[in-house]
Amino acid sequence: MDLQIIKRKNIFFIISSIVIIIGIIMMFVNGFNLGIDFTGGSIIQIDLGKTVSVDEIREITDEFDSNADIIHSGDERNEIIIKSSEDFSMDERMEIFNKIKEEYDLADDEPIRSEKIGPSIGEEIKKSSFIAIGLATVGMLIYITFRFEFKFGISAIIALIHDILVALSIYAIFNLQVNESFVAAMLTIVGYSINDTIVLFDRIRENLKSFKKAEYDKLIDTSISQTIIRSINTSFTTLLAIASLYIFGVEAIKGFALPLIIGVLIGTYSSIFIASPIWYILKTKTK
Amino acid sequence: MNVKKMIIFLLIVIIIVGGGYTAINGINIGKYEINSVRDSLNLGLELEGGVYVVLEGKTDATGEELDKKMKEAKAIIDQRVNGLGVTEPNIVIEGDNRIRVELPGVKNAEEAMDMIGKTAELQFIDAEENVVVTGEHVKEAEPMYIENSSTGQNTPVVSLAFNSEGAKLFKKATENAMSKPAGADRVVRIVLDGEEISTPEVGAVITDGKATIEGEFTIEEVTELATLISGGALPMEMEEVQSSTIGPTLGLTSLDKSIFAAGIGLILIFMFMLIVYRIPGLISIIALTIYVLLVLFTMVSINATLTLPGIAGLILSIGMAVDANVVIFERIKEDIKSGKSLRASVDSGFKKALSTVLDANITTLIAGIVLFNFGTGPVKGFAVTLIIGVIISMITAIFITRFLLKLFIGINITKNTKLFGA
């Protein structure tokens, strides 16, 4: 297989740059679609036993928060989810529930789900996640430097930062909701991308003996073609597992599977098209 | 064909199928009973249903003083939760000034949380607005029935016994009240968290340090009140900053659907491995089944809690377990293609793949350990399953897949390298 990845490396850099630049512009223009995990707010999910129009429910909820989001849920659309940016206490949520219970003569004594998140909590999850991911990155850099060399480590980490930026951009561009599962997606990217990159770098390290410095482009292309079937097969099997979660899982799991799918795809892409070319540049253009 | 090796191989398959069956359905042989994994595994609230609340201490205290107050508050909340009779509650101090209380499977979330978050500062206040005795002076508080003198009916009350200091203070207060003319001046108000719960008039000097709180109570209410009073007041006001109730049906559906989805996912992976890698694929199916069983077994035995982010960690680690096998099999394929014999290819394939598998897994493991130590909440749940998964994935790929593959080749059923994916 003659892949000529290195020859075309600029194409991949440009593709990624465009995605990231559009993403950053969108981040500034629109900001992120932050879920209540980050903004603070409340969610009440109620089983009504029948489909009730959103407007009808709104009549009841308006007195609490006229800006509340109301959507249908459940297999037969018999459930409603009320989302509000106000952080209603447990008592207030019960009051809203009881109003609806009275109106529709519900059998349940409690909503099937009812949540409130204070605004400061999201801020802390964000902060602690960033610190944790940052420290994990440093740890991996040290290990890769120790086992391979510093330039492999730096390339792997740049690919990782690329992945996180692309993921953030995709969220900004498509206005996907940033919530707790987004944090999990970021973590998956970190794990998956590094795993993929190491497998490829390991092969480059092994092939290093058989190539001269002037042939590093060939070295990388050969290594990629030797490992690409493995990359595709692995990503495909992982995607099989996540896709079945997306198709058969419940709402909460679905919201979770999508960012994972994005994470796996970006992780696979970057180890082949970003990490290796960067290592090539570091190796040939610097001392 | 080597019959001995064939028998060993079949035995292993039978044991694994048995293990898989036990994990899914549980088993009951005579007096030995093993629960299914589903019943044994600790599930996060979002999967099991239940309620949690995060309370934030409202205080200016910092450093050691804050620490002390938080520990005190936690101890009191522990006691209150015990009074609720919840199985496996989880109460932890989070950060500097927060306490997370998780009550799996609790109905009536509102009531439970009302009770847990109450400051429960009990005060006896005399007619001159002096606080005469407080909850701190209470040695014991119990729910009981007394006969109502006017109606003759049994009414639920809280019976209090003061400690010696409380008894003295209470005696003084009742003496003081008795010195006043009967009526409003003799009233001692009983106040809980600033709310008046009863206003008895003192009828005699009380010397034995005993008192009752009467009111329009049900037996449940006096039981709750007694638990609150004997547990003591929280050292500061606690505010609800986060709370969540997941109804048991939603939790159950989530879990069932997740298990079903995970099962389908595994079967698809198995089919893929079998089609692409044939005999090694079959071996990897056995190895991956062992892997899944080991992960579940480890989760149960260290009492880890499975959360939604935890499921993400599991999927990632399954991906890595499959990956380890794929890396090895691709290596073997390469070596077969380069003209080596089957046995030599398996040996050299494993040897070459070893460093890849180790480096990839150890790097991920480092990430997992850092995330576990520095992350909170969702990040921690993810890290736990990732760490367990990666360690076991390394072990199964390096030892079990290798052992099974060599055993199978030793059976000598076929030498057709096409069946090894080449």
Side-chain angles (χ1 to χ4, degrees), chain A residues 45 89-91 94 108-118 120-121 124-125 128-129 131-133 135-136 139-140 143-144 147 180-181 183-184 187-188 190-192 194-195 198-199 202-203 206 226 229-230 233-234 236-238 240-242 244-245 247-250 252-253 256 260 264, chain B residues 46 53-54 95 107-110 113 240-247 249-250 253-254 257-258 260-262 264-266 268-269 272-273 276 308-309 311-312 315-316 318-320 322-323 326-327 330 334 352 355-356 359-360 362-364 366-368 370-371 374-379 382 386:
Chain A
Q45 185 174 352
S89 73
M90 206 173 268
D91 290 344
M94 275 310 279
D108 292 354
D109 288 326
E110 286 194 2
I112 43 184
R113 176 162 74 120
S114 141
E115 277 178 69
K116 159 205 161 150
I117 293 161
S120 57
I121 300 261
E124 273 164 45
I125 292 180
S128 77
S129 307
I131 293 173
I133 292 178
L135 288 171
M140 291 187 290
Y143 180 79
I144 298 170
R147 284 284 298 164
E180 220 176 44
S181 34
V183 176
L187 298 171
T188 310
V190 172
Y192 203 87
I194 215 74
N195 178 53
I198 294 289
V199 172
D202 183 69
R203 189 56 82 105
E206 188 187 320
Q226 282 169 339
I229 295 189
R230 169 259 148 211
N233 286 354
T234 300
F236 186 70
T237 45
T238 312
L240 279 181
I242 307 173
S244 63
L245 276 188
I247 295 165
F248 301 109
V250 287
I253 301 258
F256 205 68
L260 290 190
V264 168
Chain B
E46 71 270 42
V53 63
V54 179
K107 287 180 187 164
N108 289 332
E110 200 195 0
M113 280 311 161
E240 169 192 327
V241 286
Q242 189 180 354
S243 60
S244 159
T245 323
I246 302 286
T249 36
L250 185 67
T253 337
S254 304
K257 286 198 172 176
S258 311
F260 178 74
I264 298 278
L266 268 183
L268 289 175
I269 291 176
F272 177 85
M273 292 299 281
V276 175
L308 275 182
I311 293 178
I315 294 171
L316 179 57
I318 289 177
M320 295 194 59
V322 175
D323 184 46
V326 170
V327 168
E330 286 293 330
E334 267 175 56
K352 284 184 199 158
S355 76
T356 319
D359 281 337
I362 291 173
T363 317
T364 312
I366 290 172
V370 174
L371 292 177
F374 295 96
T376 52
V379 178
F382 174 86
L386 185 64

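Throughout, protein chains are lettered first and strands after them, A, B, ... in sequence-line order, and every chain is numbered starting at 1.
In terms of heavy-atom pairs under 4.5 Å with chain A, the best-connected choice from B:I269, B:V326, B:T363 is B:T363. When B:A261, B:S243, B:G319 are compared by the number of non-hydrogen pairs under 4.5 Å with chain A, B:S243 comes out ahead. Of all the listed residues (A:I247, A:T238, A:T237), the one sharing the greatest number of non-hydrogen pairs under 4.5 Å with chain B is A:T237. Listed options B:I362, B:V327, B:V54 were ranked by heavy-atom pairs under 4.5 angstrom with chain A; first place goes to B:I362.
Neither the backbone nor the side chain of A:I131 comes within less than 4.5 Å of any heavy atom in chain B. Only the side chain of A:R147 comes within contact range of chain B, with at least one heavy atom under 4.5 Å from a heavy atom of that chain. Proximity to chain B (any heavy atom under 4.5 Å) is restricted, for A:I144, to the side chain, taken from C-beta onward. With a 4.5 Å cut-off on non-hydrogen atoms, B:E240 touches chain A through its backbone and its side chain both. For A:M94, the part lying near chain B is the side chain, with the backbone staying farther off; criterion is any non-hydrogen pair under 4.5 Å. With a 4.5 Å cut-off on non-hydrogen atoms, A:L135 touches chain B through its backbone and its side chain both.
A tilted orientation is assigned to the rings of A:F236 and B:F272, their planes being inclined by 30° to 60°.
Annotation for A:G191 and B:T364: closest pair O-OG1, 3.9 Å, computed over non-hydrogen atoms. Contact record, A:V190 with B:A367: CG1-CB, 4.5 Å, taken as the closest heavy-atom pair. Summarising the geometry of A:I198 relative to B:A360, their closest heavy-atom pair is CG2-N, 3.5 Å, with the distance given to 0.1 Å. Residue B:L371 comes nearest to A:A132 through the heavy atom pair CD2-CB, 3.7 Å, listed as atom of the first residue, atom of the second, then distance.
Between the CZ atom in A:F248 and the CD1 atom in B:I264 there is a gap of 4.5 Å [rounded to 0.5 Å]. Annotation: the span from B:I246 atom CD1 to A:E115 atom CD amounts to 5.0 Å, rounded to 0.5 Å. Of the inter-residue distances, the one linking B:T245 atom OG1 with A:M90 atom CE reads 4.0 Å to the nearest 0.5 angstrom.
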Any chance you could lay out the side chain to side chain contact (heavy atoms under 4.5 Å, CB included) test for A:K116 and B:V53, step after step, and finish with the verdict?
-> CA-CA 9 Å; A:K116 159 205 161 150; B:V53 63; over 6 Å; no
Output, in order, the C-alpha distance, side-chain angles, deciding distance and verdict of side chain to side chain contact (heavy atoms under 4.5 Å, CB included) for B:D323 and A:R230.
-> CA-CA 8 Å; B:D323 184 46; A:R230 169 259 148 211; 2.7 Å; yes
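Counting only distance, with no hydrogens or angles, the side chain of A:S244 and the backbone of B:G265 share a donor-acceptor pair below 3.5 Å.
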